**Q** 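Structure incoming, see below.
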Amino acid sequence: MPVKINKVRYDYIRPKIAEFIAKQKINRLPVDPMQIIARNKWTVRTYDYYAKKHGVMLKDVIEAYGSEDAFTIYQNGLYSIAYNDKIRSPGRIRFSLMHEIGHIYLKHLEEFDQTILARGGLTDEEYDILETEADIFASETLAPSEVLLSLGWTNYSVIEKRCKLSRKAAKFKASRLFDLIFNWVYVDPRSPIIANFYDFIYQKKCNHCGYGFISSKAKYCPICGNKLIWGEGKMIYNDGYDLDENGRAIKCPRCDNEEINYKGDYCTICGTYLINKCIDKTEVDINGNEFIIKGSCGPVPGNARYCPICGSETTFYRMKLLAPWEKAKEILETQSKTAATKEDIEIDEDDLPF
Ligand SMILES: [Zn+2]
Ligand SMILES: [Zn+2]
Ligand SMILES: [Zn+2]
Ligand SMILES: [Zn+2]
(Lines give C-alpha, C1' and ligand atoms only; values in the text may rest on other atoms or scores of the structure.)
(Ligands and ions follow the chains in the order given, each with its own letter.)
Protein backbone atom coordinates (compact mmCIF):
# COMPACT_ATOMS: atom_id res chain seq x y z
CA MET A 1 0.00 0.00 0.00
CA PRO A 2 1.41 3.41 -0.93
CA VAL A 3 1.92 5.78 2.01
CA LYS A 4 -0.36 8.77 2.61
CA ILE A 5 1.08 12.07 3.80
CA ASN A 6 -0.31 15.52 4.40
CA LYS A 7 2.71 17.48 5.60
CA VAL A 8 6.50 17.69 5.26
CA ARG A 9 7.94 14.96 7.50
CA TYR A 10 10.75 16.82 9.29
CA ASP A 11 11.06 14.06 11.91
CA TYR A 12 11.66 11.56 9.14
CA ILE A 13 13.99 13.57 6.88
CA ARG A 14 16.28 15.18 9.49
CA PRO A 15 17.75 11.90 10.79
CA LYS A 16 17.86 10.56 7.21
CA ILE A 17 20.00 13.56 6.17
CA ALA A 18 22.40 13.03 9.10
CA GLU A 19 22.57 9.31 8.27
CA PHE A 20 23.26 10.08 4.60
CA ILE A 21 26.10 12.51 5.45
CA ALA A 22 27.67 9.90 7.75
CA LYS A 23 27.23 6.92 5.41
CA GLN A 24 28.47 8.76 2.34
CA LYS A 25 31.38 10.15 4.39
CA ILE A 26 30.57 13.74 3.45
CA ASN A 27 33.05 15.72 5.54
CA ARG A 28 34.01 18.79 3.50
CA LEU A 29 32.53 21.40 1.19
CA PRO A 30 31.75 21.63 -1.67
CA VAL A 31 29.96 18.30 -2.06
CA ASP A 32 29.97 16.65 -5.49
CA PRO A 33 26.68 14.83 -6.24
CA MET A 34 28.24 13.15 -9.30
CA GLN A 35 30.74 11.39 -7.04
CA ILE A 36 27.92 10.17 -4.79
CA ILE A 37 25.93 8.92 -7.80
CA ALA A 38 28.98 7.03 -9.09
CA ARG A 39 29.78 5.55 -5.67
CA ASN A 40 26.22 4.24 -5.30
CA LYS A 41 26.24 2.89 -8.84
CA TRP A 42 23.09 4.74 -9.85
CA THR A 43 22.83 5.38 -13.56
CA VAL A 44 23.00 9.00 -14.69
CA ARG A 45 21.96 10.21 -18.13
CA THR A 46 21.58 13.58 -19.77
CA TYR A 47 18.38 14.91 -21.35
CA ASP A 48 20.37 14.93 -24.56
CA TYR A 49 20.69 11.14 -24.30
CA TYR A 50 16.90 10.73 -24.04
CA ALA A 51 16.29 13.19 -26.87
CA LYS A 52 18.61 11.26 -29.17
CA LYS A 53 17.26 7.89 -28.05
CA HIS A 54 13.66 8.85 -28.86
CA GLY A 55 14.56 11.04 -31.82
CA VAL A 56 12.93 14.12 -30.27
CA MET A 57 13.93 17.63 -29.22
CA LEU A 58 15.19 18.58 -25.77
CA LYS A 59 11.95 20.50 -25.07
CA ASP A 60 9.97 17.31 -25.74
CA VAL A 61 11.96 15.48 -23.05
CA ILE A 62 11.26 18.35 -20.65
CA GLU A 63 7.56 18.17 -21.47
CA ALA A 64 7.32 14.37 -21.38
CA TYR A 65 9.00 14.00 -18.01
CA GLY A 66 7.54 17.18 -16.54
CA SER A 67 10.79 18.78 -15.37
CA GLU A 68 13.17 21.31 -16.86
CA ASP A 69 16.02 20.18 -14.60
CA ALA A 70 16.01 16.49 -13.70
CA PHE A 71 13.99 13.36 -12.95
CA THR A 72 14.54 9.87 -11.59
CA ILE A 73 13.25 6.58 -12.92
CA TYR A 74 12.81 3.59 -10.60
CA GLN A 75 12.41 0.28 -12.35
CA ASN A 76 13.07 -3.32 -11.28
CA GLY A 77 14.73 -2.06 -8.10
CA LEU A 78 17.19 0.13 -10.01
CA TYR A 79 17.52 3.91 -10.11
CA SER A 80 18.37 6.05 -13.08
CA ILE A 81 18.80 9.81 -12.78
CA ALA A 82 18.42 12.11 -15.78
CA TYR A 83 19.44 15.76 -15.80
CA ASN A 84 19.35 18.63 -18.24
CA ASP A 85 22.98 19.25 -19.14
CA LYS A 86 22.03 22.33 -21.15
CA ILE A 87 21.25 24.28 -17.99
CA ARG A 88 23.92 27.01 -17.86
CA SER A 89 24.42 27.20 -14.09
CA PRO A 90 26.58 24.37 -12.68
CA GLY A 91 25.23 25.26 -9.22
CA ARG A 92 21.67 24.66 -10.39
CA ILE A 93 22.64 21.26 -11.89
CA ARG A 94 24.39 20.33 -8.64
CA PHE A 95 21.23 21.16 -6.69
CA SER A 96 18.97 19.28 -9.12
CA LEU A 97 21.13 16.16 -8.88
CA MET A 98 21.13 16.27 -5.10
CA HIS A 99 17.35 16.82 -5.16
CA GLU A 100 17.00 13.58 -7.17
CA ILE A 101 19.36 11.77 -4.77
CA GLY A 102 17.00 13.02 -2.05
CA HIS A 103 14.03 11.35 -3.74
CA ILE A 104 16.06 8.12 -3.86
CA TYR A 105 17.44 8.24 -0.32
CA LEU A 106 14.11 9.27 1.21
CA LYS A 107 12.54 6.32 -0.66
CA HIS A 108 9.91 8.48 -2.30
CA LEU A 109 9.59 6.32 -5.39
CA GLU A 110 9.56 3.03 -3.49
CA GLU A 111 7.14 4.05 -0.77
CA PHE A 112 4.77 5.91 -3.06
CA ASP A 113 4.89 3.09 -5.58
CA GLN A 114 5.98 5.25 -8.51
CA THR A 115 8.38 4.61 -11.38
CA ILE A 116 8.71 8.37 -11.84
CA LEU A 117 7.51 11.20 -9.61
CA ALA A 118 5.04 13.29 -11.56
CA ARG A 119 1.93 15.26 -10.74
CA GLY A 120 -0.23 12.66 -12.50
CA GLY A 121 0.60 9.75 -10.19
CA LEU A 122 0.11 11.59 -6.91
CA THR A 123 -2.23 14.18 -5.50
CA ASP A 124 -0.97 17.76 -5.94
CA GLU A 125 -0.54 18.01 -2.19
CA GLU A 126 1.55 14.83 -1.99
CA TYR A 127 3.65 15.85 -4.96
CA ASP A 128 4.41 19.27 -3.46
CA ILE A 129 5.35 17.73 -0.11
CA LEU A 130 7.76 15.25 -1.71
CA GLU A 131 9.29 18.08 -3.75
CA THR A 132 9.81 20.15 -0.61
CA GLU A 133 11.37 17.16 1.18
CA ALA A 134 13.81 16.59 -1.70
CA ASP A 135 14.67 20.33 -1.74
CA ILE A 136 15.41 20.31 2.00
CA PHE A 137 17.55 17.20 1.49
CA ALA A 138 19.55 18.90 -1.29
CA SER A 139 19.95 22.13 0.66
CA GLU A 140 21.04 20.41 3.88
CA THR A 141 23.51 18.05 2.21
CA LEU A 142 25.13 20.58 -0.14
CA ALA A 143 25.18 23.32 2.49
CA PRO A 144 24.54 21.89 5.98
CA SER A 145 23.18 24.73 8.15
CA GLU A 146 25.05 23.58 11.27
CA VAL A 147 28.37 23.55 9.42
CA LEU A 148 27.80 26.97 7.86
CA LEU A 149 26.81 28.46 11.22
CA SER A 150 29.87 26.94 12.93
CA LEU A 151 32.12 28.50 10.31
CA GLY A 152 30.27 31.81 10.28
CA TRP A 153 29.55 31.38 6.57
CA THR A 154 26.21 33.14 6.58
CA ASN A 155 26.71 35.59 3.73
CA TYR A 156 25.21 34.46 0.42
CA SER A 157 28.35 35.18 -1.61
CA VAL A 158 30.44 33.02 0.75
CA ILE A 159 27.85 30.22 0.56
CA GLU A 160 27.73 30.51 -3.23
CA LYS A 161 31.52 30.16 -3.45
CA ARG A 162 32.14 27.54 -0.74
CA CYS A 163 29.17 25.25 -1.45
CA LYS A 164 29.10 25.95 -5.19
CA LEU A 165 25.39 26.71 -5.16
CA SER A 166 23.59 28.95 -7.63
CA ARG A 167 23.21 32.56 -6.48
CA LYS A 168 19.47 32.01 -6.02
CA ALA A 169 19.95 28.92 -3.83
CA ALA A 170 22.74 30.64 -1.87
CA LYS A 171 20.50 33.65 -1.18
CA PHE A 172 17.70 31.36 -0.03
CA LYS A 173 20.11 29.52 2.27
CA ALA A 174 21.46 32.78 3.69
CA SER A 175 17.94 33.91 4.56
CA ARG A 176 17.23 30.56 6.24
CA LEU A 177 20.42 30.93 8.30
CA PHE A 178 19.42 34.45 9.23
CA ASP A 179 16.10 33.08 10.56
CA LEU A 180 17.98 30.47 12.60
CA ILE A 181 20.33 33.10 14.07
CA PHE A 182 17.43 35.45 14.71
CA ASN A 183 15.60 32.70 16.61
CA TRP A 184 18.72 31.85 18.63
CA VAL A 185 18.91 28.33 17.22
CA TYR A 186 21.85 26.71 18.90
CA VAL A 187 24.34 24.46 17.08
CA ASP A 188 24.87 21.35 19.16
CA PRO A 189 28.64 20.66 19.09
CA ARG A 190 27.89 16.95 19.59
CA SER A 191 25.64 16.75 16.54
CA PRO A 192 26.64 13.88 14.22
CA ILE A 193 26.94 16.29 11.28
CA ILE A 194 29.36 18.53 13.20
CA ALA A 195 31.33 15.42 14.24
CA ASN A 196 31.63 14.41 10.58
CA PHE A 197 32.81 17.87 9.55
CA TYR A 198 35.06 18.42 12.61
CA ASP A 199 38.40 18.43 10.75
CA PHE A 200 36.96 20.65 8.04
CA ILE A 201 35.48 23.18 10.48
CA TYR A 202 38.55 23.40 12.73
CA GLN A 203 41.35 23.26 10.16
CA LYS A 204 43.76 26.13 10.75
CA LYS A 205 46.60 27.38 8.64
CA CYS A 206 49.34 29.95 8.85
CA ASN A 207 50.05 31.98 5.75
CA HIS A 208 53.46 32.97 7.10
CA CYS A 209 55.20 29.61 7.65
CA GLY A 210 52.66 27.38 5.86
CA TYR A 211 51.85 25.21 8.89
CA GLY A 212 48.47 23.50 9.01
CA PHE A 213 46.71 21.58 11.78
CA ILE A 214 43.32 20.89 13.37
CA SER A 215 42.29 22.75 16.52
CA SER A 216 39.10 24.24 17.85
CA LYS A 217 40.91 26.66 20.19
CA ALA A 218 44.18 27.72 18.55
CA LYS A 219 44.48 31.39 17.53
CA TYR A 220 48.23 31.68 16.96
CA CYS A 221 50.60 29.60 14.86
CA PRO A 222 52.62 27.33 17.20
CA ILE A 223 55.52 27.39 14.73
CA CYS A 224 55.97 31.11 13.94
CA GLY A 225 53.53 32.90 16.28
CA ASN A 226 51.46 34.62 13.58
CA LYS A 227 47.66 34.81 13.59
CA LEU A 228 46.00 31.70 12.19
CA ILE A 229 43.27 31.66 9.59
CA TRP A 230 40.82 28.95 8.51
CA GLY A 231 42.12 26.63 5.79
CA GLU A 232 44.41 23.78 4.91
CA GLY A 233 48.14 24.34 5.52
CA LYS A 234 50.67 22.30 3.59
CA MET A 235 53.77 22.40 5.81
CA ILE A 236 54.37 19.81 8.52
CA TYR A 237 56.96 20.70 11.16
CA ASN A 238 57.71 17.29 12.62
CA ASP A 239 60.92 18.42 14.31
CA GLY A 240 59.38 18.49 17.80
CA TYR A 241 59.78 16.21 20.82
CA ASP A 242 57.51 13.36 21.89
CA LEU A 243 55.67 14.20 25.10
CA ASP A 244 53.87 12.08 27.68
CA GLU A 245 50.28 12.73 28.77
CA ASN A 246 51.49 15.41 31.21
CA GLY A 247 53.31 17.30 28.46
CA ARG A 248 56.73 16.11 29.70
CA ALA A 249 59.38 15.10 27.12
CA ILE A 250 59.74 11.31 26.97
CA LYS A 251 63.44 11.69 26.19
CA CYS A 252 65.43 14.61 27.54
CA PRO A 253 65.71 17.07 24.60
CA ARG A 254 69.20 18.10 25.69
CA CYS A 255 71.03 14.97 26.94
CA ASP A 256 68.78 12.26 25.36
CA ASN A 257 68.30 10.69 28.79
CA GLU A 258 65.64 8.08 28.10
CA GLU A 259 65.31 6.52 31.53
CA ILE A 260 62.70 8.78 32.93
CA ASN A 261 65.07 10.37 35.44
CA TYR A 262 63.24 13.52 36.28
CA LYS A 263 62.48 15.31 39.46
CA GLY A 264 59.77 17.94 39.53
CA ASP A 265 59.77 18.21 35.71
CA TYR A 266 63.57 18.64 35.44
CA CYS A 267 66.03 16.14 33.93
CA THR A 268 68.14 14.75 36.79
CA ILE A 269 71.14 14.30 34.50
CA CYS A 270 71.42 17.77 32.91
CA GLY A 271 68.80 19.84 34.74
CA THR A 272 66.80 20.74 31.62
CA TYR A 273 63.16 21.72 32.13
CA LEU A 274 61.16 18.95 30.41
CA ILE A 275 57.77 20.60 29.81
CA ASN A 276 56.99 22.70 26.77
CA LYS A 277 54.60 25.50 27.74
CA CYS A 278 54.19 29.20 27.21
CA ILE A 279 56.20 31.49 29.41
CA ASP A 280 54.48 33.63 32.06
CA LYS A 281 54.11 37.23 30.99
CA THR A 282 55.78 39.43 33.59
CA GLU A 283 56.32 43.08 34.33
CA VAL A 284 58.52 44.90 36.81
CA ASP A 285 56.96 47.15 39.45
CA ILE A 286 58.39 50.51 40.62
CA ASN A 287 60.49 48.75 43.26
CA GLY A 288 62.14 46.59 40.62
CA ASN A 289 60.26 43.43 41.58
CA GLU A 290 59.08 41.20 38.76
CA PHE A 291 55.43 40.14 38.90
CA ILE A 292 53.29 37.90 36.69
CA ILE A 293 50.60 39.63 34.65
CA LYS A 294 49.50 36.49 32.84
CA GLY A 295 50.31 32.92 33.82
CA SER A 296 51.11 30.12 31.40
CA CYS A 297 48.23 28.51 29.45
CA GLY A 298 49.74 25.07 30.19
CA PRO A 299 51.54 22.42 28.11
CA VAL A 300 51.69 22.79 24.33
CA PRO A 301 52.75 20.32 21.59
CA GLY A 302 56.42 19.26 21.34
CA ASN A 303 57.03 21.28 18.17
CA ALA A 304 55.46 24.53 19.44
CA ARG A 305 57.69 27.60 19.51
CA TYR A 306 54.71 29.76 20.40
CA CYS A 307 51.58 29.09 22.43
CA PRO A 308 48.59 28.50 20.11
CA ILE A 309 46.27 30.13 22.67
CA CYS A 310 48.10 33.33 23.71
CA GLY A 311 50.94 33.58 21.17
CA SER A 312 53.74 33.80 23.80
CA GLU A 313 57.07 32.05 23.30
CA THR A 314 57.42 28.56 24.75
CA THR A 315 59.97 27.10 27.14
CA PHE A 316 61.52 24.80 24.50
CA TYR A 317 61.94 27.72 22.12
CA ARG A 318 63.45 29.97 24.78
CA MET A 319 65.91 27.19 25.67
CA LYS A 320 66.82 26.91 21.96
CA LEU A 321 65.68 23.27 21.89
CA LEU A 322 63.63 24.19 18.81
CA ALA A 323 65.11 26.06 15.87
CA PRO A 324 63.45 29.21 14.46
CA TRP A 325 60.85 28.20 11.88
CA GLU A 326 62.79 29.58 8.87
CA LYS A 327 65.72 27.35 9.70
CA ALA A 328 63.47 24.34 10.42
CA LYS A 329 61.70 24.84 7.10
CA GLU A 330 64.98 24.92 5.23
CA ILE A 331 66.13 21.67 6.89
CA LEU A 332 62.79 19.91 6.34
CA GLU A 333 62.68 20.94 2.69
CA THR A 334 66.24 19.73 2.06
CA GLN A 335 65.35 16.42 3.76
CA SER A 336 62.25 15.89 1.64
CA LYS A 337 64.16 16.83 -1.53
CA THR A 338 66.85 14.27 -0.71
CA ALA A 339 64.17 11.65 -0.02
CA ALA A 340 62.42 12.44 -3.32
CA THR A 341 65.65 12.15 -5.32
CA LYS A 342 66.40 8.80 -3.69
CA GLU A 343 62.95 7.53 -4.66
CA ASP A 344 63.45 8.69 -8.25
CA ILE A 345 66.70 6.77 -8.50
CA GLU A 346 65.11 3.62 -7.10
CA ILE A 347 62.22 3.82 -9.56
CA ASP A 348 64.62 4.45 -12.44
CA GLU A 349 66.56 1.32 -11.54
CA ASP A 350 63.38 -0.75 -11.55
CA ASP A 351 62.51 0.55 -14.97
CA LEU A 352 65.72 -0.64 -16.56
CA PRO A 353 64.96 -3.35 -19.12
CA PHE A 354 67.93 -5.58 -18.18
ZN1 LIG B 1 11.60 16.28 -7.46
ZN1 LIG C 1 53.21 30.04 11.18
ZN1 LIG D 1 68.92 15.91 30.30
ZN1 LIG E 1 49.77 30.65 26.29
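Whatever order the structure lists ligands and atoms in, that order sets their numbers, starting from 1. What you see is a predicted model, and the numbers here were worked out from it, not measured in a lab.
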**Q** Once rounded to 10°, what is the value of the angle centred on the Zn ion (ligand 4) between C297 SG and C310 SG?
**A** 110°
**Q** Hey, what's the angle at the Zn ion (ligand 3) spanning SG (C270) and SG (C252), nearest 10 degrees?
**A**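 The angle at the Zn ion (ligand 3) comes to 110°, rounded to the nearest 10°.
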**Q** Take the Zn ion (ligand 2) as the vertex and measure to SG of C224 and SG of C209; round to 10°.
**A** 120°
**Q** Which value, rounded to 10°, describes the SG(C255)-the Zn ion (ligand 3)-SG(C267) angle?
**A**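 Angle SG(C255)-the Zn ion (ligand 3)-SG(C267): 100°, rounded to 10°.
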**Q** On a heavy-atom basis, which atom in F291 and which in V284 lie closest, and how many Å separate them?
**A** CE2-C, 3.9 Å
**Q** With a 4.0 Å cut-off, would you call E125 and K7 a salt bridge?
**A** no
**Q** So, is H208 placed with an N/O/S atom under 2.8 Å from the Zn ion (ligand 2), counting both backbone and side chain?
**A** no
**Q** Taking the six-membered ring for Trp, are Y156 and F172 ring centroids under 6.0 Å apart?
**A** no
**Q** Under 3.5 Å, side chain of Y65 to main-chain N/O of D60, donor-acceptor pair present?
**A**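 Judged by distance alone, no pair lies under 3.5 Å.
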**Q** May I have the step-by-step check of ring pair (Phe, Tyr, Trp, His ring centres under 6.0 Å) for Y317 and Y306, ending in yes or no?
**A** CA-CA 8 Å; Y317 191 45; Y306 297 88; 5.5 Å; yes
